[in-house]
Amino acid sequence: MKQERILIIGAGGQIGSVLTEALRGVYGNDNVIATDLRPLPPQNGPTDTLDALSARALAGAVNKYKATQIYHLAAILSATGERDPLWAWDINMRSLFNVLEVARNKKLHKVYFPSSIAVFGLEAHRTDTPQFEVLIPETVYGISKVAGENWANYYCKRYGLDVRSLRYPGIIGYQSLPGGGTTDYAVDIYHYAIKGEPFSCFLRENTPLPMLYMADAIRATLELMEAPAEKIKVRTSYNLSGMSFTPGEIAASIRKYVPDFQISYNPDFRQAIADSWPGSIDDSAARSDWGWKPEYDLDGMTRDMLFHLKNRGQ
Ligand code: NAD
Ligand code: SER
């Protein structure tokens with residue numbers, strides 16, 4: 001087991017709840033401290049409530065748990081953020097500054113901060129969007145991620161803080177439910193399929209978006225964080241890709257295993273967000289710098305999702 005002490009912020013969320021268990025497998029249950037604003041359910045290691053907006057509480061937690069690394073997962077996502085932009089900006093940025101400052105002051109070894117495909121906007125290439133691209137996002141969530149990436153880069157260059165980041169696409173997993181994003185439909189659809197209920201999709205049938213299966217997302221995160229520092233050449237955030245599909249294509253994939261699955265399309269305000277994002281991403285920098293390679297395609301993910309949701313009695 002590696003002698004690191006990892007503090008996870010936002011550990012109760014869609015990604016955090018899965019990443020926490022994966023990190024415990026690598027670093028040992030007691031060395032990974034899961035924290036969230038909301039009380040967490042009992043689990044295989046230490047938990048605590050922590051509001052990342054309080055610099056004092058965060059510094060106290062770093063001291064108390066002798067943390068050497070922080071994984072900062074707390075954020076307001078794209079759809080929820082549009083309901084109250086200044087509130088979303090405040091949470092996303094203030095929590096990040098608190099993390100960067102405590103990490104700098106206490107000389108932590110590493111920080112992980114996820115970014116998103118939401119950094120891209122209408123001026124970006126829609127297909128195979130390159131690593132270095134015009135970043136003019138349409139959502140406050142995207143603006144906060146662009147700013148966050150640049151602050152991460154600044155803390156790395158100016159203070160030597162080892163901050164690493166991935167631009168996650170939409171993450172899909174059976175273990176947890178999504179927390180207010182535009183790609184959430186691609187998780188919810190499987191829950192409806194397994195219950196045998198018709199699904200109303202909030203995006204149009206032909207809207208392509210980049211997506212990644214949870215197992216690949218967790219492995220990418222661990223591989224990025226384990227890579228030797230000299231291999232991490234992008235200090236803003238790496239493009240990351242697994243697959244791209246439309247709601248029509250994921251429905252067709254589900255029908256291979258649930259033939260009478262039914263879907264209807266009722267686009268809402270999230271359609272405009274999706275329309276501002278790329279349909280596919282070029283992640284060749286991540287592939288060449290630290291060896292990233294996804295394992296799951298759409299049908300592989302569908303098989304695995306349906307298998308696990310069925311076994312859990314969803
Ligand atoms: P989520 O909404 O499911 O979870 C976020 C967690 O943060 C929640 O448990 C919430 O209680 C907690 N939180 C909110 N405010 C907090 C605060 N002030 N202090 C402490 N905790 C607080 O989000 P997620 O989907 O797990 O995303 C995790 C990270 O990955 C976020 O930074 C998100 O932007 C990024 N990301 C996610 C996706 C995706 O598809 N899920 C895609 C791209 C990027
Ligand atoms: N899945 C996220 C969202 O839709 C992308 O960052 O907000």
Side-chain angles (χ1 to χ4, degrees), residues 4-17 19-20 23 27 30-40 43 45-78 80-81 83-116 118-119 139-166 168 179-180 221 224-225 229 235-237:
E4 294 280 348
R5 302 268 302 166
I6 298 183
L7 186 75
I8 306 180
I9 301 170
Q14 186 201 3
I15 297 172
S17 52
L19 186 57
T20 299
L23 286 166
Y27 295 95
D30 292 341
N31 293 322
V32 178
I33 300 93
T35 75
D36 201 286
L37 192 57
R38 302 174 293 178
L40 294 167
Q43 45 192 260
T47 62
D48 210 342
T49 50
L50 174 64
D51 183 353
L53 297 184
S54 166
R56 219 167 124 193
L58 179 55
V62 168
N63 286 341
K64 178 178 173 188
Y65 295 109
K66 299 184 172 46
T68 60
Q69 299 187 19
I70 293 178
Y71 283 59
H72 176 38
L73 305 176
I76 303 303
L77 275 72
S78 60
T80 308
R83 297 202 168 103
D84 192 343
L86 295 186
W87 166 77
W89 170 263
D90 184 46
I91 291 176
N92 291 0
M93 295 313 298
R94 201 141 53 98
S95 63
L96 177 62
F97 283 128
N98 287 344
V99 167
L100 293 174
E101 275 297 285
V102 79
R104 173 172 82 90
N105 289 327
K106 295 190 182 295
K107 301 191 176 7
L108 299 195
H109 299 166
K110 284 179 200 169
V111 171
Y112 179 66
F113 155 70
S115 184
S116 162
V119 295
T139 62
V140 68
Y141 172 66
I143 299 172
S144 75
K145 291 297 186 186
V146 173
E149 289 186 2
N150 280 286
W151 278 107
N153 186 52
Y154 181 86
Y155 269 71
C156 178
K157 303 270 164 66
R158 168 109 196 241
Y159 302 120
L161 183 64
D162 190 353
V163 195
R164 305 183 183 194
S165 178
L166 298 171
Y168 288 137
T221 309
L224 172 84
M225 293 303 280
R235 288 297 183 161
T236 47
S237 188

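The residues of the chain are indexed from 1 along the displayed sequence. Here the structure is a predicted model, which means the values were calculated and not measured.
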Practice problem: Please round to the nearest 0.5 Å and tell me the distance separating atom OH of Y159 and atom CD of E101. | Solution: 6.5 Å
Quiz item: Rounded to the nearest 0.5 Å, how far apart are CG of D48 and NZ of K64?
Solution: 4.5 Å
Quiz item: Where is the tightest heavy-atom contact between R164 and A229, given as atom of each residue plus distance?
Solution: NH2-CA, 3.4 Å
Quiz item: Looking at D162 and R235, does any basic side-chain N land under 4.0 Å from a carboxylate oxygen?
Solution: yes
Quiz item: What pair of heavy atoms forms the shortest contact from A88 to G81, and how long is it?
Solution: CB-CA, 3.6 Å
Quiz prompt | Distance (rounded to the nearest 0.5 Å) between L161 CG and N105 CG | solution = 10.0 Å
Exercise. Supply the atom-to-atom distance L224 CG to K110 NZ, rounded to the nearest 0.5 angstrom.
Key: 9.0 Å
Quiz item: Has the side chain of R5 got a donor or acceptor atom that lies under 3.5 Å from a matching backbone atom of Y65?
Solution: yes
Quiz item: Stepwise, does the side-chain contact (heavy atoms from CB on, under 4.5 Å) test hold for T236 with V119?
Solution: CA-CA 11 Å; T236 47; V119 295; over 6 Å; no
Self-check item: Interatomic distance, I33 atom CD1 to L50 atom CG [nearest 0.5 angstrom]
Solution: 11.5 Å
Quiz item: Checking T35 side chain against I8 main chain: does a donor-acceptor pair fall under 3.5 Å?
Solution: yes
Self-check item: Nearest heavy atoms of N98 and A52, plus distance in Å
Solution: ND2-O, 2.8 Å
Quiz item: Taking all non-hydrogen atoms of both residues, which atom of A11 and which atom of T20 are closest, and how far apart?
Solution: CB-OG1, 3.7 Å
Quiz item: When rounded to the nearest 0.5 angstrom, what distance separates CZ in F97 from CZ in R104?
Solution: 12.0 Å
Quiz item: Can you say whether the rings of H72 and F113 are parallel (under 30°), tilted (30 to 60°) or perpendicular (over 60°)?
Solution: parallel
Exercise. Please report the closest heavy-atom contact between L77 and G180, naming both atoms and the distance.
Key: CB-O, 3.6 Å
Quiz prompt | Chi angles and distances behind the side-chain contact (heavy atoms from CB on, under 4.5 Å) call for L37, L53 | solution = CA-CA 10 Å; L37 192 57; L53 297 184; over 6 Å; no
Quiz item: Taking N92 for the side chain and I76 for the main chain, is one N or O donor matched with an acceptor at less than 3.5 Å?
Solution: yes
Quiz prompt | Closest non-hydrogen atom pair between Y71 and I6, with its separation | solution = CD1-CG2, 3.5 Å
